Amino acid sequence: MKKTITGYRRKEVIWSLIFVAPPVLGFLIFGLAPLLTSFGLSFMTWDMLTPSEVVGLDNFHYMFNDEKFYKSLYNTFFLLLGIPLGMVFSLILAIMMNRKLAGISIFRTIYYIPVISPIIAVSLLWQWMLNYDYGLINEFIWKIFGTQGPNWLGDPNWVKPSFILMGLWGGVGGTMVLYLAGLQGISSTYYEAAEVDGATRWHQFKHITLPLLSPIHFYVVVMGIIGTFQSFSQMYILAADGGPEYSGATIVYYIFQEAFKYFNMGYASSVAWVLGILIFIITLVQFRLSKRWVYQD
């Protein structure tokens, strides 16, 4: 028997569709449509001025034979070293900030300010700080050690460490807040029971704090890897044209150059798809391995 919709019920359905429509249309127009378009372009050559031409797998063949592609991929993987360093510093800061002291909230705010600072302004600030001749960091090295500091942005061996240093300064505060929330969520009964059993502070940290913070470790690692693979702004400001010997170019910067400098839209789309698949595989592996070490209380 065919069901009928009453007037009141019909109004509910119409209004629900009206409220759902904006995000759905936004996803279709700004998400799914560009995704499908880039997939089609990855098998074509197109410079935005002339008609596109189907080239099959030629874009992928050129990609896996391009030295700049492997160089940018290596640079991106190198920057992943900043993730464990950031986690260590953030956890230390979180432990220091997890104290009931007068004015402690002021210090928490100070450490968090870099997280909400505009990335372009921060990059320009670091460009000055890392300057070889008059930068604040090299001036500090000269005053303390009496020697000239490295050419941070001009030496291929120091460009990537300078990015890691900048990333630590800008990201430690956000991770600190996550760890601080995790520390405050751990019940004191665990530590009281451990003290009764004679556990030292180190054993409490090792066997209680670290395991109970494992979900945060996992989140920070996953988001850190995805964020590193998507890093672009700092490289665009600090490493002109990829830096010396292309040592400052990440994979996203490489895509940007191919798309908006050389107008190889089809080739840039193919690289973007390879990047997306790589991120998906790494994230999937992380989720599979997380069952072995992420503790669920």
Side-chain angles (χ1 to χ4, degrees), residues 76-123 125-126 160-192 194 201-234 250 252 278-297:
T76 306
F77 274 101
F78 188 95
L79 296 180
L80 294 177
L81 296 175
I83 296 176
L85 292 175
M87 292 173 66
V88 172
F89 286 119
S90 299
L91 183 55
I92 293 174
L93 281 176
I95 294 174
M96 294 172 60
M97 296 296 109
N98 190 31
R99 297 176 179 272
K100 295 180 179 180
L101 300 174
I104 193 67
S105 58
I106 298 177
F107 289 96
R108 295 173 183 171
T109 304
I110 292 174
Y111 281 112
Y112 191 75
I113 286 177
V115 180
I116 59 176
S117 300
I119 187 62
I120 302 300
V122 169
S123 299
L125 174 64
W126 275 90
K160 290 184 285 293
S162 66
F163 289 155
I164 292 177
L165 180 63
M166 177 182 171
L168 289 175
W169 180 86
V172 162
T175 309
M176 177 203 71
V177 171
L178 296 176
Y179 278 130
L180 182 60
L183 289 172
Q184 294 180 349
I186 298 176
S187 175
S188 60
T189 56
Y190 292 112
Y191 299 103
E192 293 170 359
R201 287 291 183 90
W202 166 247
H203 286 95
Q204 293 178 30
F205 176 77
K206 181 180 179 181
H207 298 289
I208 298 176
T209 306
L210 285 181
L212 291 179
L213 290 178
S214 58
I216 298 178
H217 300 326
F218 175 66
Y219 174 81
V220 171
V221 170
V222 171
M223 298 306 296
I225 291 178
I226 294 176
T228 302
F229 272 98
Q230 295 177 339
S231 56
F232 167 75
S233 300
Q234 305 95 315
T250 58
V252 173
L278 182 61
I279 293 176
F280 174 78
I281 293 174
I282 293 176
T283 305
L284 181 62
V285 170
Q286 288 177 298
F287 271 91
R288 292 293 179 87
L289 295 178
S290 66
K291 299 178 182 179
R292 302 181 181 181
W293 64 275
V294 176
Y295 176 78
Q296 299 293 339
D297 188 9

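For the single chain, residues carry numbers from 1 onward in sequence order. A quick note: this is a predicted structure, and the numbers were derived from the prediction, not measured. Below, all heavy atoms of this structure are taken into account, side chains as well, without hydrogens, waters or symmetry copies.
Note that CG of L183 and CG of L178 are 11.0 Å apart. Values are rounded to the nearest 0.5 Å. Taking CG of L125 as the reference point, atom CE of M166 lies at 8.5 Å (rounded to 0.5 Å). Here CG of N98 is found 12.0 Å from CG of L93. Values are rounded to the nearest 0.5 Å. Interatomic distance, OG of S90 versus OH of Y179, reported as 7.0 Å (0.5 Å rounding). Note: L278 CG to F77 CZ = 5.0 Å, rounded to the nearest 0.5 Å. One finds the OG1 atom of T175 at 11.0 Å from the CE atom of M223 (value rounded to the nearest 0.5 Å).
Residues V252 and T76 form no side-chain contact, since every pair of their non-hydrogen atoms from C-beta on lies 4.5 Å or further apart. Taking the side chain as every heavy atom from C-beta outward, T250 and Q234 never approach each other to under 4.5 Å. Using a 4.5 Å cut-off on side-chain heavy atoms (C-beta onward), I225 and L80 make contact. Between F229 and I282, the closest side-chain pair of non-hydrogen atoms falls below 4.5 Å.
Minimum interatomic distance between A194 and I208 (heavy atoms only, all atoms of both residues): CB-CD1, 3.7 Å. Among all heavy-atom pairs drawn from S117 and V122, the shortest one is CB-CG2, 3.5 Å. When all heavy atoms of P211 and P215 are compared, the pair lying nearest together is O-CD, 4.2 Å. Of all non-hydrogen atoms in I120 and S233, the two that sit nearest each other are CD1-CB, 4.4 Å.
The environment of F89 atom CZ is sparse: at most 12 non-hydrogen atoms of other residues, nucleotides or ligands sit within 6.0 angstrom.
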Without placing hydrogens or testing angles, list every side-chain donor-acceptor pair under 3.5 Å for residues 102-115, not counting sequence neighbours.
unit_1: R108; atom_1: NE; unit_2: M97; atom_2: O; d: 3.2
unit_1: R108; atom_1: NH2; unit_2: M97; atom_2: O; d: 2.7
unit_1: T109; atom_1: OG1; unit_2: S105; atom_2: O; d: 2.9

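In this structure, a donor-acceptor pair under 3.5 Å is present between the side chains of T209 and Y191.
Side chain of S214 to main chain of Y295: a donor-acceptor pair is present (N/O by atom type, distance under 3.5 Å, no hydrogens or angles).
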